Asks: 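Quick one: the structure is below, and I'll ask about it shortly.
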Amino acid sequence: MAGFALVDCNNFYASCERVFDPRLEGRPIVVLSNNDGCVIARSNEAKALGIDMGTPYHHCRDRLRRHRVHVFSSNYQLYGDMSRRVMDTLRTLAPDVEVYSIDEAFLGLDRVAFAAPAELAIALRARVRQWTGIPVSIGIGPTKTLAKLANRHAKKHVEAGVFDVAGLADRNAWLDRFDVEDVWGISKAWGGRLRALDIRSAGQLARADPRLVRVHLSVVAERIARELAGIPCHGLAEVTPPRKTILASRSFGRPVTCKTELGQAVASFAARACRKLRAQGSRAAAVQVFLTTNRFRVEEPQYANAMTVGLAVPSSDTRIVTAHALAALAHLYRPAFRYQKAGIMLLDIVPAESGQGHLFLPTDQTVSDRLMATVDRLNARMGADTVFLAAEGVAKGWSMRAEHRSPRYTTQWTELLRVAA
DNA sequence: TCTGGGGTCCTAGGACCC
DNA sequence: TCTGGGGTCCTAGGACCC
């Protein structure tokens with residue numbers, strides 16, 4: 001049984017909030033981006049009210065209030081943990097799972113113990129719902145791109161939430177019902193260029209000459225066309241390769257002008273990035289620091305800049321990375337600007353064990369590695385920010401806004417769900 | 001007052017080498 | 001008037017995704 005299934009959690013963030021507060025069932029919900037900036041998730045009821053994805057919160061706040069929409073700040077500790085539970089549940093019935101995003105997974109169908117893919121899908125859907133409380137939709141097809149499209153169909157048009165392309169009598173006619181922009185990987189911009197070639201529907205793209213698509217767009221688009229035609233160009237990527245870049249950045253809850261506060265923010269980002277770096281068993285050989293004013297405030301003076309510094313020896317030591325990041329910040333900082341965002345990116349990432357030494361510097365990292373491992377263990381066990389560098393500061397007046405965050409029910413001892421008070 | 005964060009891949013062009 | 005050819009590596013920018 002070849003092919004792929006795409007499992008996609010329905011309105012994932014909104015569904016996570018509902019799991020822990022069933023009163024929200026049937027009520028409109030939106031979830032905001034970091035810093036309570038934009039709407040990034042909506043329940044079906046909120047979609048029906050015409051709340052668009054990506055709308056700035058301050059543009060729709062009054063409408064949300066009028067319609068009694070329940071508003072949540074992003075709660076990534078909760079969503080990340082719920083995601084892990086969903087993925088673990090999928091693995092109980094499907095041995096080959098590629099976690100594609102926080103709310104999506106591709107399954108390989110070669111080794112599953114069901115007569116038909118749709119039977120597996122129905123069983124999975126029921127089990128995920130029962131074990132985690134999260135509703136999912138499942139699309140099945142001979143390529144990832146077709147499974148994606150099948151998922152879209154399942155979510156919109158199938159009560160059971162499962163759809164298999166193989167059951168179609170006329171796949172071309174089915175594909176013709178989708179706009180070309182509905183296809184995974186075809187954005188609005190590419191859709192426009194395809195329309196100029198008179199390719200308007202998914203079906204037309206599937207039937208187009210892939211070489212023509214390559215000439216006018218790119219090899220990436222060519223693969224999409226081939227996949228739509230049923231020719232697999234992408235396999236299942238079960239093991240996630242280590243990240244090649246690691247980014248940690250945030251918008252500030254209010255404009256920041258003070259160099260000390262910027263330094264504390266950058267130190268906090270460095271700590272987060274280094275934790276991710278160590279978690280995947282890597283070291284970084286370069287650090288980039290960037291900062292920017294608020295580009296939406298056109299009446300204010302604007303400044304954005306970035307600087308990359310190399311490390312003598314690849315490191316995952318928060319102290320070393322922070323020191324380099326702060327040195328870069330000192331070069332970048334200009335007084336008299338109102339900064340809105342800063343961040344750091346770790347680059348030139350290498351496996352920790354294959355670290356090349358330094359000709360003249362001592363490179364025994366045992367002490368550093370043990371210290372960092374201890375810090376990570378403490379923070380994992382006792383809660384984030386139990387131990388941190390003083391450079392991060394403690395007041396954190398620049399922290400992002402999160403005025404509507406629900407409790408972190410599953411990851412913080414102090415925020416467990418209260419059944420009776 | 002208020003507009004997210006975190007990734008990947010591909011391509012073009014310049015630097016540099018023989 | 002004439003001024004090689006072919007390759008690799010790096011980087012910036014642009015495209016896409018959730």
Side-chain angles (χ1 to χ4, degrees), chain A residues 6-9 11-13 30-41 52-62 64-65 71-76 79-80 83 98-106 144-145 148 151-152 180-194 213-224 227 233-234 237 240-255 269 272-273 276-277 280 286 288 290 292-300 306 308 310 338 340-349 399-404:
Chain A
L6 177 70
V7 182
D8 190 318
C9 301
N11 315 324
F12 181 53
Y13 299 168
V30 302
V31 179
L32 303 176
S33 63
N34 276 323
N35 218 26
D36 293 347
C38 301
V39 172
I40 55 163
D52 287 332
M53 185 78 166
T55 309
Y57 180 40
H58 69 270
H59 286 175
C60 59
R61 175 178 290 174
D62 290 340
L64 294 174
R65 195 172 291 155
V71 175
F72 291 92
S73 303
S74 286
N75 186 347
Y76 283 105
Y79 310 151
S83 171
E98 171 188 342
V99 177
Y100 176 68
S101 74
I102 194 166
D103 70 336
E104 279 175 72
F106 285 103
K144 284 178 156 182
T145 304
K148 251 321 221 190
N151 185 284
R152 189 185 174 91
V180 74
E181 288 94 346
D182 293 341
V183 176
W184 184 38
I186 303 296
S187 67
K188 229 175 164 178
W190 280 12
R193 283 160 69 179
L194 287 170
V213 175
R214 180 177 194 148
V215 169
H216 285 91
L217 282 93
S218 72
V219 63
V220 178
E222 177 192 5
R223 286 185 200 129
I224 293 169
E227 284 237 321
C233 300
H234 302 287
T240 21
R243 304 264 170 246
K244 298 170 183 174
T245 60
I246 291 176
L247 180 76
S249 85
R250 283 284 180 278
S251 296
F252 302 132
R254 56 165 168 75
F269 303 147
R272 204 163 66 229
K276 291 190 211 169
L277 184 67
Q280 68 166 30
Q288 182 178 79
F290 60 89
T292 176
T293 50
N294 189 339
R295 67 185 198 280
F296 293 105
R297 307 211 47 139
V298 286
E299 72 285 2
E300 289 187 6
T308 307
R338 286 154 59 82
Q340 179 249 345
K341 178 178 178 172
I344 91 162
M345 199 186 300
L346 303 179
L347 312 159
D348 296 352
I349 290 175
S399 294
M400 69 174 185
R401 282 183 300 277
E403 292 170 7
H404 309 284

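Numbers restart at 1 for each chain; the letters A, B, ... are given by sequence-line order, proteins then strands. Just so it is clear, the structure is predicted and the values come from calculations on it, not from any experiment.
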Asks: Between which nucleotides of DNA chain B, 5' to 3', does chain A make heavy-atom contacts below 4.0 Å?
Replies: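 Going 5' to 3' along DNA chain B, contacts run B/dC2 to B/dT11.
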Asks: Identify whether any heavy atom of A/Arg223 sits under 4.0 Å from a base atom; if not, whether one sits that close to sugar-phosphate; answer base, sugar-phosphate or nothing.
Replies: sugar-phosphate
Asks: Take N1-N3 plus N6-O4 or O6-N4 for Watson-Crick, N1-O2 plus O6-N3 for G-U, both under 3.5 Å. Which runs of 3 or more such pairs involve DNA chain B?
Replies: B:5-18 with C:5-18
Asks: Excluding sequence neighbours, so at least two apart, what forms side chain to side chain contact (heavy atoms under 4.5 Å, CB included) with A/Ala221?
Replies: A/Trp190, A/Val213, A/Leu217, A/Ser218
Asks: Please name the pair of heavy atoms, one in A/Lys244 and one in A/Ile349, separated by the smallest distance, quoted to 0.1 Å.
Replies: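 Heavy atoms only, the tightest pair is O-CD1, 3.6 Å.
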Asks: When the C1' atoms of B/dC16 and C/dG4 are considered, how many whole Å apart are they?
Replies: 16 Å
Asks: Look at all strands and tell whether A/Ser218 reaches a base, only sugar-phosphate, or nothing, counting heavy atoms closer than 4.0 Å.
Replies: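 No contact.
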Asks: Please identify each residue that fulfils ring-ring contact (aromatic ring centres under 6.0 Å, His included) with A/Phe72, with sequence neighbours left out.
Replies: none
Asks: Could you list the residues that satisfy salt bridge (charged side-chain N to carboxylate O under 4.0 Å, His left out) with A/Arg254, not counting sequence neighbours?
Replies: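 In terms of salt bridge (charged side-chain N to carboxylate O under 4.0 Å, His left out), with neighbours along the sequence ignored, A/Arg254 is linked to A/Glu261.
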Asks: With sequence neighbours excluded, tell me which residues meet side chain to side chain contact (heavy atoms under 4.5 Å, CB included) with A/Val219.
Replies: A/Arg214, A/Glu222, A/Arg223
Asks: What is the nucleic acid contact for A/Arg243, judged by heavy atoms within less than 4.0 Å: base, sugar-phosphate only, or nothing?
Replies: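 Result for A/Arg243 = sugar-phosphate.
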Asks: Using salt bridge (charged side-chain N to carboxylate O under 4.0 Å, His left out) as the criterion, list what pairs up with A/Arg338, not counting sequence neighbours.
Replies: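 Salt bridge (charged side-chain N to carboxylate O under 4.0 Å, His left out) check on A/Arg338 returns A/Glu300.
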Asks: Among residues at least two apart in sequence or on other chains, which ones pass side chain to side chain contact (heavy atoms under 4.5 Å, CB included) with A/Arg250?
Replies: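 Testing A/Arg250 for side chain to side chain contact (heavy atoms under 4.5 Å, CB included), a comparison that skips the adjacent residues, returns A/Asn34, A/Phe269, A/Arg272, A/Met400.
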Asks: Which residues pass the side chain to side chain contact (heavy atoms under 4.5 Å, CB included) test with A/Asp52, sequence neighbours left out?
Replies: A/Thr55
Asks: Hey, does A/Ile102 reach any base, or is it just sugar-phosphate, or nothing, if we go heavy atoms under 4.0 Å?
Replies: nothing
